[in-house]
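What you see below is based on every heavy atom in this structure, not just the backbone, and it leaves out hydrogens, waters and symmetry mates. One is the number of the first residue; the rest follow in order along the sequence. Please read all numbers here as calculations on a predicted model, not as lab measurements.
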Amino acid sequence: MQTFIAAGRVSDIPQDAVGKTSNGNVSFKFDFVCDSSLLDENRKPTPSFFHVQMYGKQAEVMAKSLSKGSPILLKGEIIQRSYTKDGQRRSYQYIAPAQFDGVTFLESKDAAAKRRQAQAPENNIFQFEPAPTHREAERSSSYPIPMDADEPF
């Protein structure tokens, strides 16, 4: 088994970030950015972007705690799933944070609260809506439909 560990920031939280799987578990997704060791022409680190997905109680807590720009240390596993779209086999990768110590906050609670307050109108995402149908999800998001680990992709 591999382990992904990186320090970076939450780069985006999509409008449909919080949802429920078909089994009723809470899901939460966001994008994460960190610097890579690859340098650009100005000798600055090139950013690397990753999708992150989590489920259950961890998803509930993180959906209430994280906001765009939140500095975090992310520890988890790289998950790769395959699916078929328009008759073509494709794959999708995301980071699944470890249940214990998978997300470590790198700023104080006060700084995090100020960030969330400043983003409050645009970042009110912790609301549950029925999971979209497969076709709706394909049209509206770059993420696949949230699912439980024992569900086929």
Side-chain angles (χ1 to χ4, degrees), residues 1-21 25-83 85 90-129 131-132 136-151 153:
M1 179 165 84
Q2 74 343 60
T3 302
F4 174 90
I5 302 173
R9 292 186 177 271
V10 174
S11 63
D12 187 41
I13 300 176
Q15 287 296 100
D16 63 345
V18 177
K20 287 201 177 206
T21 64
N25 293 318
V26 176
S27 66
F28 177 60
K29 59 190 175 186
F30 63 92
D31 291 325
F32 175 77
V33 62
C34 58
D35 288 336
S36 72
S37 59
L38 183 64
L39 302 178
D40 66 13
E41 62 276 352
N42 296 322
R43 311 236 354 115
K44 293 184 180 180
T46 304
S48 295
F49 292 85
F50 301 92
H51 294 301
V52 179
Q53 286 186 217
M54 56 187 68
Y55 302 93
K57 186 66 174 171
Q58 182 185 39
E60 290 179 37
V61 172
M62 291 301 133
K64 292 177 183 175
S65 304
L66 294 177
S67 60
K68 186 174 179 178
S70 294
I72 58 174
L73 178 69
L74 191 60
K75 297 180 202 173
E77 183 177 2
I78 301 170
I79 305 292
Q80 183 169 341
R81 297 268 169 96
S82 55
Y83 63 99
K85 182 176 180 181
R90 298 178 182 206
S91 65
Y92 173 79
Q93 292 182 344
Y94 64 93
I95 307 300
Q99 286 293 317
F100 178 74
D101 224 10
V103 178
T104 303
F105 297 96
L106 300 178
E107 69 182 345
S108 69
K109 285 185 179 181
D110 289 338
K114 286 179 185 176
R115 178 189 322 286
R116 281 191 308 278
Q117 186 176 27
Q119 297 175 3
E122 71 181 52
N123 204 21
N124 186 11
I125 61 167
F126 197 70
Q127 39 188 306
F128 295 108
E129 296 178 11
E136 288 172 339
E138 282 181 352
R139 284 191 298 260
S140 67
S141 177
S142 61
Y143 289 89
I145 298 171
M147 66 180 168
D148 292 300
D150 59 346
E151 240 180 66
F153 190 71

Ignoring hydrogens, what is the shortest heavy-atom contact between [X] and [Y]? Give both atom names and the distance.
| X | Y | result |
| --- | --- | --- |
| R9 | P71 | NH1-CD, 3.5 Å |
| L66 | I13 | O-CD1, 3.8 Å |
| V33 | P47 | CG2-CB, 3.7 Å |
| S65 | R116 | O-NH1, 2.9 Å |
| Q2 | I78 | NE2-O, 3.0 Å |
| A7 | L106 | CB-CD1, 4.3 Å |

Measuring from atom [atom1] of [X] to atom [atom2] of [Y], what distance do you get when rounded to the nearest 0.5 angstrom?
| X | Y | atom1 | atom2 | value |
| --- | --- | --- | --- | --- |
| R115 | S67 | CZ | OG | 5.0 Å |
| M54 | Q99 | CE | CD | 8.5 Å |
| S11 | F49 | OG | CZ | 5.5 Å |
| K85 | Y92 | NZ | OH | 12.5 Å |
| F30 | D12 | CZ | CG | 11.0 Å |
| E77 | Y94 | CD | OH | 8.5 Å |

Quiz item: Quick one: does V52's side chain get under 4.5 Å of D31's, heavy atoms only?
Solution: no
Practice problem: Side-chain contact test, heavy atoms from C-beta onward, threshold under 4.5 Å: evaluate it for S70 versus E107 and give yes or no. | Solution: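 Yes; the side chains approach each other to less than 4.5 Å.
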Report yes or no: does [X] contribute a side-chain atom to a donor-acceptor pair with the main-chain N or O of [Y] at less than 3.5 Å?
| X | Y | answer |
| --- | --- | --- |
| D40 | N42 | yes |
| T46 | S36 | no |
| Q93 | F50 | no |

Practice problem: Output yes when K29 and D16 qualify as a salt bridge under the 4.0 Å nitrogen-oxygen rule, no when they do not. | Solution: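 Salt bridge flag = yes for D16 with K29.
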